[in-house]
There are 2 protein chains.
Amino acid sequence: MHTRRRYHHGDLRAALLTRAEETLREKGPTALSLRELARDLGVSHAAPSRHFKDKQALLDALALTGFDRLDERMSASLKEAGESFAERMKAAARAYVDFATANAELLDLMYSIKHDPKASEELIAASQRWTRQTLNLIAEGQRRGEVREGPLERVGIGVFSTLHGYATLAASDSLPPDVRAEGLDELVAYILRGCAPEKPRQTA
Amino acid sequence: MHTRRRYHHGDLRAALLTRAEETLREKGPTALSLRELARDLGVSHAAPSRHFKDKQALLDALALTGFDRLDERMSASLKEAGESFAERMKAAARAYVDFATANAELLDLMYSIKHDPKASEELIAASQRWTRQTLNLIAEGQRRGEVREGPLERVGIGVFSTLHGYATLAASDSLPPDVRAEGLDELVAYILRGCAPEKPRQTA
DNA sequence: ACCTGAACACCGTTCAAGT
DNA sequence: ACCTGAACACCGTTCAAGT
């Protein structure tokens, strides 16, 4: 009972997710098939159904890990950032854009699921948690007097749209190549202007 | 020769695209199959291959019609708008968001193709044409002195990201429901602040 | 509990053949 | 030119049966 080996090498569920992400990254979403996944891992084609009731369930779970990692990266990036709203905004933007470019296909998956009327509850919750994390940043800035006043949704929607749009465009290679690297500083400056207090106060 | 009827009812290619968009809208992208399309139109399952070399080619063509219609809507909306940058920006934003919410799945398709290394040249061109159209708006604003100076890419990237992000989020129902309708005005105001001239001059 | 093997209904793609 | 019908290799899903 001690060295109890299952048929498979321990945790098929985790192995499926890992391998699925690899092939998603390497061959794109249309090339991802349950049967090939099973073949790659040396199990029968019916084995995955023990852990995911169907293909969509696996995709949902994969998207969920994406949101989890995005949250982590964001938190880590913010932990190392300074106190000012400008610095925290920049840290958040960098974290998002880095994640988006490094996981373009996964990001697509994370957001493409919403159209599904019967989308996973868990997944919607994860997406909203991520939105919240960004809006909290704005609230912080408001408390520091570095962001204009007003209901969080009204003030935050522009900022969130900008971040999401830039990350998405960067991920899908839809940005002019020269803008990518230095573009982030310009983007953050633009965001700051957009949500600056109505009557800017002096820094000291 | 005059009332020459083909096997099919005239233009299978166009019929395939029309029907494909319908099922994309109604049943989502994964439910779209060439064989079902052919069945719906009363032709054999091999008939589509005369007009599209494979499924991807049909999807590319469909995405292309999306960009064409987006361009049209945008142009029409701008034609009815006033002269000021603020009004033109608002018209553009409304056109984009309207299109995005009315054609959510199609918009997804239009942008999800980029990851493909061998993506259709035509499609990339259409996407860039659309980006250009938005950037032209910024250039116009610069000429009128209502947008800050600087290279178009630097100034325009934020605006374009904001528009694209908002439209995408709206399309995927990722926006808090209360923001959608009146949110557009707030969004445009945010954009205008972000690209206002460094030293705002008086209106008269 | 976890997996197998066979079965079913569906795909996309190709190709000789028909009109 | 445009389409058919059969064939091929692949899917996702289900389910009795094995260990």
Side-chain angles (χ1 to χ4, degrees), chain A residues 1-24 26-63 105 109 112-113 116 118-120, chain B residues 1-24 26-63 105 109 112-113 116 118-120:
Chain A
M1 188 76 82
H2 48 303
T3 54
R4 192 181 187 293
R5 291 248 288 124
R6 279 99 146 187
Y7 290 24
H8 186 258
H9 47 71
D11 192 348
L12 181 55
R13 197 193 127 95
L16 283 165
L17 286 174
T18 304
R19 186 75 187 120
E21 187 175 348
E22 283 174 20
T23 72
L24 179 67
E26 289 163 13
K27 303 186 195 167
T30 56
L32 203 152
S33 103
L34 284 180
R35 286 178 104 110
E36 186 170 349
L37 242 44
R39 249 179 274 130
D40 290 349
L41 297 176
V43 295
S44 87
H45 63 259
S49 75
R50 290 293 128 185
H51 302 94
F52 303 101
K53 83 175 226 295
D54 58 17
K55 190 180 182 180
Q56 190 57 54
L58 184 145
L59 294 177
D60 284 0
L62 190 55
E105 300 83 3
L109 184 67
S112 73
I113 285 170
D116 203 328
K118 57 183 192 330
S120 148
Chain B
M1 188 76 80
H2 48 302
T3 54
R4 193 180 185 296
R5 291 247 291 123
R6 279 97 145 188
Y7 289 23
H8 187 261
H9 47 70
D11 192 348
L12 181 55
R13 196 194 127 95
L16 283 166
L17 286 175
T18 305
R19 186 75 187 121
E21 186 174 350
E22 283 173 20
T23 72
L24 179 67
E26 289 163 12
K27 304 186 193 166
T30 55
L32 203 153
S33 102
L34 284 180
R35 285 179 106 109
E36 187 170 349
L37 243 44
R39 249 179 275 131
D40 290 349
L41 297 176
V43 295
S44 87
H45 64 259
S49 75
R50 290 293 128 185
H51 301 93
F52 302 102
K53 83 175 226 294
D54 57 18
K55 190 180 184 182
Q56 190 57 54
L58 184 145
L59 294 178
D60 284 0
L62 190 55
E105 300 83 3
L109 184 67
S112 71
I113 284 170
D116 203 326
K118 56 184 195 329
S120 148

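Order of the sequence lines sets the chain letters (A, B, ...), proteins ahead of strands, with each chain counted from 1. Being a predicted model, the structure only gives us computed values, none of them experimental.
The closest side-chain heavy-atom distance from B:His51 to B:Leu12 is below 4.5 Å. Within the 4.5 Å cutoff, no side-chain heavy atoms of B:Glu36 are placed close to those of B:Thr23. With a 4.5 Å cut-off on side-chain heavy atoms, B:Leu17 and B:Phe52 count as touching. Under the 4.5 Å side-chain criterion, counting only non-hydrogen atoms from C-beta, B:Leu109 is not in contact with B:Glu105.
Residues satisfying the side-chain hydrogen bond (donor to acceptor under 3.5 Å, both in side chains) criterion with B:Glu21, sequence neighbours excluded, are B:Arg25, B:Arg69.
Atom CZ in B:Arg50 sits roughly 11 Å away from atom P in C:dC15 (whole-Å rounding). Atom NE2 of B:His51 and atom C1' of D:dA1 are 9 Å apart (whole Å). The interatomic distance linking A:Leu12 (CG) with C:dC3 (C1') rounds to 9 Å, in whole Å.
The distance from the CZ atom of B:Arg39 to the CG atom of B:Leu41 is 11.5 Å, given to the nearest 0.5 Å. To the nearest 0.5 angstrom, B:Leu62 atom CG is 13.0 Å from B:Arg19 atom CZ.
Taking all atoms of both residues into account, the shortest heavy-atom contact from B:Ala20 to B:Leu58 is CB-CD2, 3.9 Å.
A stem is defined here as three or more consecutive Watson-Crick or G-U pairs, each with both distances under 3.5 Å; for DNA chain D these stems are C:4-8 with D:12-16, C:12-16 with D:4-8.
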* **nucleotides 9-14 of chain C: protein proximity per nucleotide (B base, S sugar-phosphate only, - neither; heavy atom, under 4.0 Å)** => --BBBB
